[in-house]
Amino acid sequence: MLAMDYRGPYRIRAQQKPDPEIEHPNDAIVRVSRACICGSDLHLYHGLVPDTRVGTTFGHEFTGVVEEVGPSVRNLKVGDHVLVPFNIFCGSCYFCQRELYGNCHNTNPEATAVGGIYGYSHTAGGYDGGQAEYVRVPLADIGPTVIPADLDVDDAVLLTDAVPTGYQAAEMGDIEEGDTVVIFGAGPVGIFAAKSAWLLGAGRVIVVDYVDYRLEFVRRYAQCETVNFLEVGDMAIHIKKMTDWLGADVCIDCVGCEAAGSAMQLLTGRYLKLQSGSATVLHWAINSVRKGGTVSIVGVYGPTFNAVPIGNAINKGLTLRMNQASVKRHLPRLIEHIQAGRLDPKQIITHRVPLEEVADAYHIFSSKLDNCIKTVLIPPRARSAQLAQ
Ligand code: NAD
Ligand code: ZN
C-alpha cells in the first residue's frame, strides 16, 4: 500500500509499505477514505516528540471503510464506513470506565500518562497511523463509530479529533452563562473551542493568534473578537484592558509547546530544549485569567517539564484543567449539533491533497502557506472508489 513515511525532522515522503494485517482477534483493517493532518502532527514533523522512529506512518484523524475484521469483532462489519477516534482505548480499564479514554491504561505499554494514539510515536504506543491506504484498527469493537447516513464524511473526519478536542477544551473551562472566554490559537482546535464556547453559554469570545488569515477566518466562522498578539504589548495587560481590568473568566490554551511570542521561551524550549517546548501560552493564560478563574489546556506539551508561573496560579486561586481529548465521549452530542445545523465543521477544510503529495501538504500546513487551515489527504484507492460511485 501507499503510506506516509517519516524519515527524520522535516523529512517525510509517500512510499510503498506492506499492507497491515489482523494481529489480534479484535482488530479490523480499514481502507482509509480521508486522513487529516493535525497541529499535533507538526510536533512530530518538527522532531519534538521523543521516540518518533524512522519508518513510522503518522495520522490519527481518519475515516475509512472496513475491509476485514478479526474473528471476535461483533460491532463492525465489512463495508461499514467508520470514523475512528484518535485515542486507542480498551473501554474497560479504571480510566475508560470513567470515560477518560485518552488515558487508557491498556493501550500504551510505554507510558503512565497518555493512552495509545494512532501514528503518534512510540511515546504513544508505537501504532501506525491512517495517512495511508490501509490501517490496522485495534479494539475494533470499542473505538470506531459507524458514520450516520446523513453525516458528510468531511464532517466525520473532523470528529476524530479537532471538533471534540475544541469542545472538550471549552467544556473543561467550566464556562458559566455570560462568561468572557479567551482562546489562544486560531488553528482548527482553537476554532472549534471558540464555536463550542458559544454553545456552552459564553457571553464573549476572544481568540488570540498572530496569523492574520486564521484570525480573519475565526472572526467570520465563530463570530468572535480577535487579537493579533504582534500588535499588542503585554498580553495579560491587554486582556485586562479588554475586561474592565478583572481578566477573562476562562482562558484556553489551544497552542501547546510550539508557541511563538517570546524569544526566551523559544530559546529555552525549542532550541536549547531546557524545557518541554515553549510555555508562552501557559504564562499568558495564567496571567490573563481573573482571580478564581479557570485555565483549560489542550495544547500539547512534552513529557519532561515546563517552567510555568505556578505561584501566580496559586495566589489567584485558579482552577487548572487539562487532558488529551476523550473523543468517543463527545460524539453523540457533537453529531447532534452537526445534524441540527449548529456546527458545520467541514468549512475549515482548505486543502484536499492526494496522499502521494503528503510531503508538500506538510510543508504548506507547517509554514502556514496558501491560507492553509486544515488539510485532508485522499489516498489513491479512495479517489478511484469515489470516481466509481
Ligand atoms: P495548529 O498548529 O494548526 O494551530 C496552532 C495555532 O497557534 C497556529 O495558528 C499558531 O499561529 C498559533 N500560535 C502560535 N503561538 C501562539 C501564541 N503564543 N498565542 C496564540 N496563538 C499562537 O494546531 P491545531 O491542530 O489547532 O492544534 C493546536 C494544539 O492542540 C496543538 O498543540 C496540538 O498538538 C494540540 N492538540 C491537542 C489535542 C488533545 O487531545 N489535547 C488534540 C488535538 C490537538
Ligand atoms: Zn489531531
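Start at 1 and go down the list; that is how both ligands and their atoms are numbered.
Annotation: Phe86 is in aromatic contact with His60 [ring centroid separation under 6.0 Å]. His46 and Tyr10 have their aromatic ring centers within a separation under 6.0 angstrom. In this structure, Tyr120 has its ring center no closer than 6.0 Å to that of Tyr127.
Looking at residues two or more places apart in sequence or on another chain, you find a side-chain contact (heavy atoms from CB on, under 4.5 Å) between Val353 and His351, Glu357, Ala361, Thr375, Leu377. Annotation: side chain to side chain donor-acceptor pair (under 3.5 Å) contacts of Arg34 (sequence neighbours excluded): Asp154.
Of all atoms in ligand 1, numbered sequentially from 1 with element shown, those under 4.0 Å from a heavy atom of Val281 are 17 (C), 18 (N), 19 (N). The distance from ligand 1 to the heavy atoms of Asp209 drops below 4.0 Å at these ligand atoms: 6 (C), 7 (O), 8 (C), 9 (O), 10 (C), 11 (O), 12 (C), 20 (C), 21 (N). The Gly187 neighbourhood of ligand 1 comprises atoms 3 (O), 4 (O), 6 (C), 9 (O), 26 (O), with distances under 4.0 Å to a heavy atom of that residue. Close contacts between ligand 1 and Ala325 involve ligand atoms 39 (C), 40 (O), 41 (N) [criterion: under 4.0 Å to a heavy atom]. Shown in contact with Val208 at under 4.0 Å from a heavy atom are these atoms of ligand 1, numbered in order with element: 20 (C), 21 (N). Heavy-atom contacts of Gly185 reach the following atoms of ligand 1: 7 (O), 20 (C), 21 (N) (cutoff under 4.0 Å). Residue Cys254 has at least one heavy-atom neighbour below 4.0 Å for each of these atoms of ligand 1: 28 (C), 29 (C). Taking a cut-off of under 4.0 Å to the non-hydrogen atoms of Tyr210, the atoms of ligand 1 that pass are 11 (O), 14 (C).
Among all non-hydrogen protein atoms, the one lying nearest atom 3 (O) of ligand 1 is Arg214 NH1, 2.9 Å. In terms of protein heavy-atom proximity, atom 43 (C) of ligand 1 is nearest to Asp161 OD1, 3.1 Å. Closest to atom 17 (C) of ligand 1 among all protein heavy atoms lies Phe229 CE2, 3.3 Å. For atom 22 (C) of ligand 1, the closest non-hydrogen atom on the protein side is Val255 CG2, 3.5 Å.
Between Lys240 and Ser288, the side chains place no donor N or O within less than 3.5 Å of an acceptor N or O (distance only, hydrogens not considered). In this model, a donor atom of one side chain and an acceptor atom of the other lie less than 3.5 Å apart for Gln275 and Thr268. Judged purely by distance below 3.5 Å, without hydrogens or angles, the side chains of Gln168 and Asn323 never pair a donor atom with an acceptor atom.
Ile373 and Phe184 fall within a single hydrophobic cluster, where Ile, Leu, Val, Met, Phe, Trp and Tyr are joined by side-chain heavy atoms under 4.5 Å apart, directly or via other members. In terms of hydrophobic clustering, with Ile, Leu, Val, Met, Phe, Trp and Tyr side chains grouped at heavy-atom distances under 4.5 Å, Tyr45 and Tyr301 are assigned to a common cluster.
The N/O atoms of Val189, backbone and side chain alike, include one that comes under 3.5 Å of an N/O atom in ligand 1. Ligand 1 has an N or O atom lying under 3.5 Å from an N or O atom of Pro188, backbone or side chain. Any N or O atom pair closer than 3.5 Å counts here, and Ala259 shares no such pair with ligand 1. Looking at Gly39 next to ligand 1, an N or O pair under 3.5 Å apart turns up. The N/O atoms of Trp284, backbone and side chain alike, include none that comes under 3.5 Å of an N/O atom in ligand 1. At under 3.5 Å, a nitrogen or oxygen of Gln324, whether backbone or side chain, sits near a nitrogen or oxygen of ligand 1. The shortest N/O to N/O separation between Gly190 and ligand 1 does not fall below 3.5 Å. In terms of polar-atom proximity, Lys374 is not counted as a contact of ligand 1, lacking any N or O under 3.5 Å from an N or O of the ligand. At least one N or O atom of Val300, backbone or side chain, sits closer than 3.5 Å to an N or O atom of ligand 1.
Counting only residues at least two apart or in different chains, side chain to side chain donor-acceptor pair (under 3.5 Å) contacts with residues 172-200 comprise Asp174-Arg321.
Considering all non-hydrogen atoms of both residues, Ala14 and Val358 come closest at N-CG1, 3.7 Å. Taking all atoms of both residues into account, the shortest heavy-atom contact from Glu61 to Asp161 is OE2-OD2, 3.0 Å.
Contacts with ligand 1 closer than 4.0 Å are made by no heavy atom of Ile191, backbone or side chain. Residue-level proximity to ligand 1 for Val298 is carried by backbone and side chain together, each with a heavy atom below 4.0 angstrom. Contact annotation: for Asn323 versus ligand 1, heavy atoms closer than 4.0 Å belong to the backbone alone. Residue Glu258 does not touch ligand 1, judged by heavy-atom distances below 4.0 Å. Of the heavy atoms in Ser40, both backbone and side-chain atoms come closer than 4.0 Å to ligand 1. Within the 4.0 Å heavy-atom criterion, the part of Thr165 lying near ligand 1 is the side chain and not the backbone. Using a 4.0 Å cut-off between heavy atoms, His43 contacts ligand 1 through its side chain alone, with no backbone atom that close.
Here the side chains of Val327 and Tyr101 are not in contact, with every heavy-atom distance at 4.5 Å or above. For the pair Pro188 and Arg214, the minimum side-chain heavy-atom distance is below 4.5 Å. Inter-residue side-chain proximity for Leu158 and Cys36 is flagged as met; some heavy-atom pair is nearer than 4.5 Å. Two residues are said to be in side-chain contact when any heavy atoms from C-beta on lie closer than 4.5 Å; Thr52 and Tyr6 meet this criterion. A 4.5 Å side-chain heavy-atom check between Ser92 and Phe89 finds every atom pair outside the cut-off. The closest side-chain heavy-atom distance from Glu356 to Pro380 is below 4.5 Å.
Excluding waters, the count of protein N/O/S atoms less than 2.8 Å from the Zn ion (ligand 2) comes to 4.
By the 4.0 Å heavy-atom criterion, Lys368 is counted among the residues contacting ligand 1.
Annotation: cation-pi geometry not satisfied between Arg136 and Tyr134 (NZ/CZ under 6.0 angstrom from ring centroid, within 45° of ring axis).
Using the six-membered ring where Trp is involved, His337 and Tyr167 have ring planes that are tilted, between 30° and 60° apart.
Considering each of Ala260, Gly261, Cys372, the one bringing a non-hydrogen atom nearest atom 18 (N) of ligand 1 is Ala260.
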